Amino acid sequence: MTRADLVTEITNVLFAQTSTLSRGYDVRAVDDLLDRLRERVLAGASAEEIEGLVTQARFTVRRRGYAVDEVDAFLARLPSDVRALGADADADADHRDGEPLRGATTGTRPDGIRSDPLPSAVSEPAPGLLDRLLRGLRGS
């Protein structure tokens with residue numbers, strides 16, 4: 001994958017939207033983050049910078065938002081994709097120097113790729129009037 005491919009993927013990603021009865025991430029906030037991520041990837045940002053943007057992101061949860069699990073999964077793999085861009089460039093340089101491609105015979109992932117999932121970016125909104133009324137009726 002090239003940097004241009006990754007930018008195209010960020011630009012064209014589609015997430016399912018929740019129904020009016022379900023909650024998902026605020027669409028505008030997710031789209032704004034994707035715009036910032038695309039700009040940073042285009043500018044040659046490091047995986048650490050991308051990971052910082054992703055881990056600091058917080059979204060409110062609303063009705064008719066983006067599906068939380070789809071957004072989380074996409075954002076969780078972006079730092080690894082950016083790292084792979086750097087690893088591919090390193091591997092190409094190694095190959096040009098007459099050395100074998102790093103990891104080509106072992107099938108191992110390049111060092112430093114995060115295998116644990118990033119935390120969810122859920123930020124619950126303050127309860128609205130209906131939530132407070134229903135909580136009062138339920139006695140919770």
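Just so it is clear, the model here is predicted, and its values are computed rather than measured.
- In this structure, a donor-acceptor pair under 3.5 Å is absent between the side chains of Asp26 and Tyr66.
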Starting from the C-alpha separation in whole Å, work towards a yes-or-no answer on side-chain contact (heavy atoms from CB on, under 4.5 Å) for Arg83 and Glu51. CA-CA 10 Å; Arg83 270 193 198 89; Glu51 186 172 14; 3.1 Å; yes

Audit row: Leu34, Val30, side-chain contact (heavy atoms from CB on, under 4.5 Å) steps and yes/no: CA-CA 6 Å; Leu34 291 173; Val30 172; 4.1 Å; yes

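- Side-chain contact between Ile10 and Leu78: present, with at least one pair of heavy atoms (C-beta onward) separated by less than 4.5 Å.
- A pairwise comparison of heavy atoms in Pro79 and Ala47 identifies O-CB, 3.5 Å as the closest pair.
- One N or O on the side chain of Arg58 and one on the backbone of Thr55 form a donor-acceptor pair closer than 3.5 Å.
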Val68 and Thr18: CA distance, side-chain angles, deciding distance, side-chain contact (heavy atoms from CB on, under 4.5 Å) verdict: CA-CA 9 Å; Val68 170; Thr18 59; over 6 Å; no

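- Residue Ala45 comes nearest to Ile50 through the heavy atom pair CB-CD1, 4.0 Å, listed as atom of the first residue, atom of the second, then distance.
- Residues Arg64 and Val27 approach most closely at O-CG2, 3.9 Å, considering heavy atoms.
- When all heavy atoms of Val7 and Arg38 are compared, the pair lying nearest together is CG1-CG, 3.6 Å.
- Between the side chain of Glu49 and the backbone N or O of Arg40 there is no donor-acceptor pair closer than 3.5 Å.
- Listed here is the closest heavy atom pair of Leu85 and Met1: CD2-O, 3.0 Å.
- Looking at heavy atoms from C-beta onward, Arg3 lies out of side-chain contact with Leu42 at the 4.5 angstrom threshold.
- Within the structure, side chain to side chain donor-acceptor pair (under 3.5 Å) pairs that include any residue of residues 6-17 comprise Glu9-Arg77 (at least two apart or interchain).
- Atom OH of Tyr25 sits about 3.5 Å away from atom CG of Asp72, to the nearest 0.5 Å.
- Note on ring orientation: taking the six-membered ring where Trp is involved, the planes of Phe74 and Phe15 are perpendicular (angle over 60°, cut-offs 30° and 60°).
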Assess whether side-chain contact (heavy atoms from CB on, under 4.5 Å) is satisfied between Leu33 and Phe59, documenting all intermediate values. CA-CA 10 Å; Leu33 175 64; Phe59 307 115; 3.5 Å; yes

Given Arg28 and Asp31, is the salt bridge (Lys or Arg N to Asp or Glu O under 4.0 Å) satisfied, shown in steps? CA-CA 5 Å; Arg28 183 172 294 162; Asp31 288 345; over 6 Å; no

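- A distance of 3.0 Å separates OG1 in Thr2 from CG in Asp5, rounded to the nearest 0.5 Å.
- Minimum heavy-atom separation, Val82 to Ser46: CG1-C, 3.8 Å.
- The line from CD of Glu48 to CG of Leu53 is 12.0 Å long, rounded to the nearest 0.5 Å.
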